[in-house]
Amino acid sequence: MPELPEVEVVRAGLAPAVTGSRVLGVEVFEPRSLRRHDPTTGVFEELLTGARIEAAVRRGKFLWMPLDTGRALLAHLGMSGQLLLRTPDAPLVPLLRARLHVASPAHGDLAVDFVDQRIFGSLAIERMVETEDGAPAGYSGDAGETDASWRTRLPVPVAHIARDPLDPAFDDARFLAALRARRTGIKRALLDQNLVSGIGNIYADEALWSARVHYDEPSSAVGPVRSRRLLAAVREVFERALAEGGTSFDAQYVNVNGASGYFAHSLNAYGQQGRPCPRCGTPIVREQFMNRSSHRCPRCQRRR
DNA sequence: ACACAAACCTGCCGGC
DNA sequence: TGCCGGCAGGTTTGTG
């Protein structure tokens with residue numbers, strides 16, 4: 001479930017169940033799902049078992065659970081990862097890569113299942129570092145003490161990831177200046193997680209459609225008015241997708257209870273090739289760009 | 001700085 | 001029915 005709204009749906013579902021819980025045990029069925037865990041820092045299962053989970057935090061598409069050991073369980077869903085809450089004795093499904101057993105103060109004993117078809121996603125135990133700006137590292141909902149030390153700390157592999165546009169500490173001016181300074185296409189910039197995080201192929205195409213910008217226009221040529229409009233469009237499409245529970249094209253992209261989101265019905269450009277642009281009626285086209293598909297209205301989104 | 005390809009993977013779908 | 005190419009929401013790494 002991979003872009004910001006889908007990962008946030010997972011985080012929001014996970015948080016009330018895992019916050020304050022104790023990890024009773026871990027079962028790893030697919031070692032490749034731990035590809036990003038550095039074994040020289042310790043054995044994954046040993047670093048996790050017995051720890052208390054303090055929260056569920058998200059920045060962009062990265063999700064982590066700070067532990068009382070000072071480290072964090074970092075999860076990235078990749079293209080096809082899911083985190084599911086089950087009963088401890090729930091049957092093992094074929095694509096189940098790992099299962100955490102936790103004792104939750106709110107929900108009793110639970111299984112947290114990591115299911116991932118393509119194994120592009122991963123779990124790892126990571127060390128934490130302080131944020132550069134001293135602001136909270138990511139979004140964690142309202143739970144927990146506001147002065148907890150984990151709030152301004154983030155896993156090392158996330159330190160280079162930019163804040164996302166829904167983060168109160170996101171620096172609009174800095175982002176707009178970066179767009180102006182870059183010599184690259186605007187969609188490339190939107191997808192660059194070091195510039196702004198959380199945007200993937202779907203929401204890039206949707207925001208570009210909304211702001212009527214061609215994906216390959218130089219980011220420096222978009223200008224302040226349209227750049228602001230584009231940033232606003234990203235936020236707006238994120239908020240609308242969140243309200244709909246995210247985008248699900250099939251059973252692959254689901255919340256912690258296995259339920260699909262409904263935003264696929266609200267897409268204006270992504271996957272809409274051949275269908276009329278909701279604004280002007282011109283058929284949406286799909287084009288290859290960056291070795292993936294880009295969707296745009298050939299009339300509303302002309303290259304300038 | 002930036003572009004590009006490759007690597008990491010499985011499963012589904014349409015065409016033949 | 002079965003095989004094959006093409007497609008899929010991502011990140012990292014290496015090369016030029």
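In this text, all values refer to a predicted model and were calculated from it rather than measured experimentally. Below, chains carry the letters A, B, ... as their sequence lines are ordered, and counting in each starts from 1.
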- Message: Checking A:H101 against A:E27: is there a side-chain donor and acceptor pair closer than 3.5 Å?
- Response: yes
- Message: From CZ of A:F62 over to P of C:dG9, roughly how many Å is that when rounded to an integer?
- Response: 17 Å
- Take A:S140 and A:W150, measure what side chain to side chain contact (heavy atoms under 4.5 Å, CB included) needs, and give me the verdict at the end. CA-CA 10 Å; A:S140 55; A:W150 53 262; 3.8 Å; yes
- Query: Would one find a side-chain N or O of A:H76 under 4.0 angstrom from OP1 or OP2 of C:dG10?
  - Reply: no
- Item | A:S294 versus A:K187, side-chain donor and acceptor atoms under 3.5 Å | yes
- Stems where DNA chain B pairs, listed by first number, each of three or more Watson-Crick or G-U pairs under 3.5 Å: B:2-8 with C:10-16, B:10-16 with C:2-8
Atom pairs, N/O to N/O, protein against nucleotides 3-6 of chain C, distance under 3.5 Å?
none

- Query: Atom CG of A:D205 to atom P of C:dA8: distance rounded to whole Å?
  - Reply: 11 Å
- Item | Beyond-backbone contact of A:P218 with A:R183, side-chain heavy atoms, under 4.5 angstrom | no
- Query: If you take all heavy atoms of A:S197 and A:P165, which pair is closest and at what distance?
  - Reply: O-CD, 3.3 Å
- Ion pair A:R22/A:D68, N-O distance below 4.0 Å: yes
- From the options B:dC9, B:dT10, C:dA8, select the nucleotide whose nearest atom is closest to the side chain of A:F120. B:dC9
- Message: If you compare every side-chain N and O of A:Y270 against the phosphate oxygens of C:dG9 (OP1, OP2), does one of them come in below 4.0 Å?
- Response: yes
- Query: In whole angstroms, how far is the C1' atom of C:dG9 from the CD atom of A:Q82?
  - Reply: 13 Å
- Task: Would you mind reading off the distance between A:R118 atom CZ and B:dA7 atom P, rounded to a whole angstrom?
- Result: 15 Å
- Query: Of all of residues 180-196 of chain A, which get a heavy atom below 4.0 angstrom from DNA chain B, listed by number?
  - Reply: A:R182, A:R183, A:T184, A:R188
- Task: For the residue pair A:E3 and A:Y253, confirm or rule out a side-chain donor-acceptor distance under 3.5 Å.
- Result: no
- Item | Distance, P atom - from B:dG11 to C:dT11, rounded to whole angstrom | 22 Å
- Query: Do any side-chain nitrogens or oxygens of A:K61 fall under 4.0 Å of OP1 or OP2 in C:dG9?
  - Reply: no
- Task: Specify the separation, in whole Å, of atom CD of A:E3 and atom P of C:dG9.
- Result: 8 Å
- Message: Any side-chain to backbone donor/acceptor pair from A:D205 onto A:H295? Under 3.5 Å, distance only.
- Response: yes
- Interatomic distance, A:F289 CZ vs C:dA8 C1' [rounded to whole Å]: 18 Å
- Message: Return whichever of A:R35 or A:N291 has its heavy-atom-nearest nucleotide of DNA chain B closer to the 5' end.
- Response: A:N291
- Task: With DNA chain C as reference, determine whether A:P157 or A:N201 sits nearer its 5' end, using the nearest nucleotide of each.
- Result: A:N201
- Message: For A:R292 and A:Q288, find the nucleotide of DNA chain C closest to each by heavy atoms; which residue's nucleotide sits nearer the 5' end?
- Response: A:Q288
- Under 3.5 Å, side chain of A:S219 to main-chain N/O of A:A189, donor-acceptor pair present? no
- A:Q272 has an atom CD; how far is it from atom C1' of C:dG9, in whole Å? 15 Å
- Do A:V93 and A:Q82 pass the side chain to side chain contact (heavy atoms under 4.5 Å, CB included) test, and can you show the C-alpha distance, the side-chain angles, and the key distance before you say yes or no? CA-CA 12 Å; A:V93 296; A:Q82 307 172 344; over 6 Å; no
- Between atom CZ in A:F238 and atom C1' in C:dG9, what is the gap in whole Å? 12 Å
- Message: Closer than 3.5 angstrom, by distance alone: can the side chain of A:E206 be matched with the main-chain N or O of A:L267 as a donor-acceptor pair?
- Response: no
- Message: Between A:Y270 and A:F249, is the ring centroid distance below 6.0 Å?
- Response: yes
- N or O in side chain of A:R36 less than 4.0 angstrom from C:dT12 OP1/OP2: yes
- Mind checking the P distance from B:dC9 to C:dC3? Whole angstroms is fine. 24 Å
- What is the nucleic acid contact for A:S293, judged by heavy atoms within less than 4.0 Å: base, sugar-phosphate only, or nothing? sugar-phosphate
- A:Y215 and A:E287 side chains, donor-acceptor separation under 3.5 Å: yes
